[in-house]
Amino acid sequence: MKTQVCIIGGGPSGLMLSQLLHLKGIDTVVLERQSREYVLGRIRAGVLEHGFAELMREAQCGERMDKEGEIHDGFLIAHGGQVSRVDLHKYSGGSSVVVYGQTELTRDLYAARDRMNGVVIHNAEDVQPHDLKSATPYVTYRSGDEVVRIDCDFVIGADGFHGVSRKSIPRDVLKEYEKVYPFGWLGVLSRTKPVSPELIYAKHERGFALCSLRSQVLSRYYIQVPLTDSVEDWSDDAFWAELKRRLPADVAAQLVTGASIEKSIAPLRSFVAEPMRYGNLFLAGDAAHIVPPTGARGLNSAASDIYYLYHAMLAHYQNGDSTGLDQYSEKALARVWKAQRFSWWMTTMLHTFPDSIAYDQKLQETDLAYLFSSEAAQRSLAENYVGLPF
Ligand code: APR
Ligand code: PHB
């Protein structure tokens, strides 16, 4: 097989890039290790920054998002017995975020790829990139007993944190930066009316909690839990009781509980791999960097990678100009690190750290007190939350 751009990974990053390039006449093949049902069964976060929503529209995938997604102009932070609102619209110069589940977004991207007869190969086993430093790289994968070879100009590593692409960069070239937090988030999805029309991030001495939503009939809640906990330790009743303890009394009184549709624990981690280019391999999204979910930056840091790569590929194929490709790693990492800083800051300010000393707790309280007493601080939060410019 032959293609121009071989994309490893059929998550949001890989599908979005494939769709954008196809619309400009650039041929791609997407190789996904899992089945489509498996990919669409994963429950992920649900806040899209303004720039990502724009990219969905440019990819001609924004129709359902615009119809069913909710525009949020602000969110709430509960702390020290009070609830303060961050006015995103006011402090970001009129911008906002879209609340739309990543699972639905991935479904829309698959539907668009199908409409255009895009090539997405599922259940691709043993995917392996080769000859990445040469002008003629190729990727192999196994389908049953058959090994298939795909020759291409470029390989995109959009295969998430556990993918094969990053591992193909030699150890003496790749530098990894990692911070593991001493807790995870236990998440519950329930077919219940959300407790609040806007997201509530709650700081509480028993641990952080978040009230989020997918629609007016579908709620997503999280509580901070120790890394040693497992889903089996948490019955639905125990989850709801603990969530209520961490919310302000009037919010807890309004909470509608119900059976969980999905329940999972995700550890919190910050990670960046540098460089994001090795020869003709380009890393994008979770393959190169991950953030703790606190600032809702996961998908959104992937968005800027895709934006930069898309424009770099266009300039290369349409004008023979490879400057964008040469600058990709540096440019992408500059924005990636800002998203890292923001998610680390939100995480540090709002969680209960098992080893924190009284001094640390005072600083957390002061961070929040400063935030809500300073328009400049709220402006800074808002501009990061709606997404820094690409
Ligand atoms: N070969 C082929 N595909 C692979 C391989 C492999 N060796 N390893 C992983 N994959 C696939 C995974 O099955 C997954 O579908 O690559 C895809 C990567 O998708 P994601 O993990 O969703 O990563 P990405 O597309 O970069 O999405 C960005 O935003 O909200 C965040 O972390 C969240 O996943 C989300 C991310
Ligand atoms: C979610 O809805 O899953 C969600 C929302 C905001 C976050 C993290 C997760 O910061």
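Order of listing sets the numbers, starting from 1, for every ligand and every atom in it.
Atom 7 (N) of ligand 1 has as its closest protein heavy atom Val164 CG1, 3.7 Å. Scanning all protein heavy atoms for the shortest distance to atom 2 (O) of ligand 2 gives Ser212 OG, 2.6 Å. Given atom 6 (C) of ligand 1, the protein heavy atom at minimum distance is Arg33 CB, 4.0 Å. Asp286 OD2, 2.5 Å is the protein heavy atom nearest to atom 32 (O) of ligand 1. Annotation: atom 25 (O) of ligand 1 to nearest protein heavy atom, Ser13 N, 3.0 Å.
Between Arg214 and Glu104, no side-chain nitrogen of the basic residue sits less than 4.0 Å from a carboxylate oxygen of the acidic one, so the salt-bridge criterion is not met.
Contact analysis leaves Ala45 out of contact with ligand 1, as no non-hydrogen atom separation drops below 4.0 angstrom.
Both tests pass for Arg166 against the ring of Phe161: distance under 6.0 Å to the centre and angle within 45° of the axis.
When non-hydrogen atoms are compared, ligand 2 lies under 4.0 Å from the side chain of Trp185 (C-beta onward) but not from its backbone.
Any N or O atom pair closer than 3.5 Å counts here, and Ala45 shares no such pair with ligand 2. Every N/O-N/O distance between Ile8 and ligand 1 stays at or above 3.5 Å.
Both Leu381 and Val386 belong to a common hydrophobic cluster when Ile, Leu, Val, Met, Phe, Trp and Tyr are linked at side-chain heavy-atom distances under 4.5 angstrom.
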What pairs of donor and acceptor atoms, side-chain ones from residues 249-261 against any protein atom, are under 3.5 angstrom apart with sequence neighbours left out?
| unit_1 | atom_1 | unit_2 | atom_2 | d |
| --- | --- | --- | --- | --- |
| Ser260 | OG | Asp236 | OD1 | 2.9 |
| Ser260 | OG | Asp236 | OD2 | 3.3 |

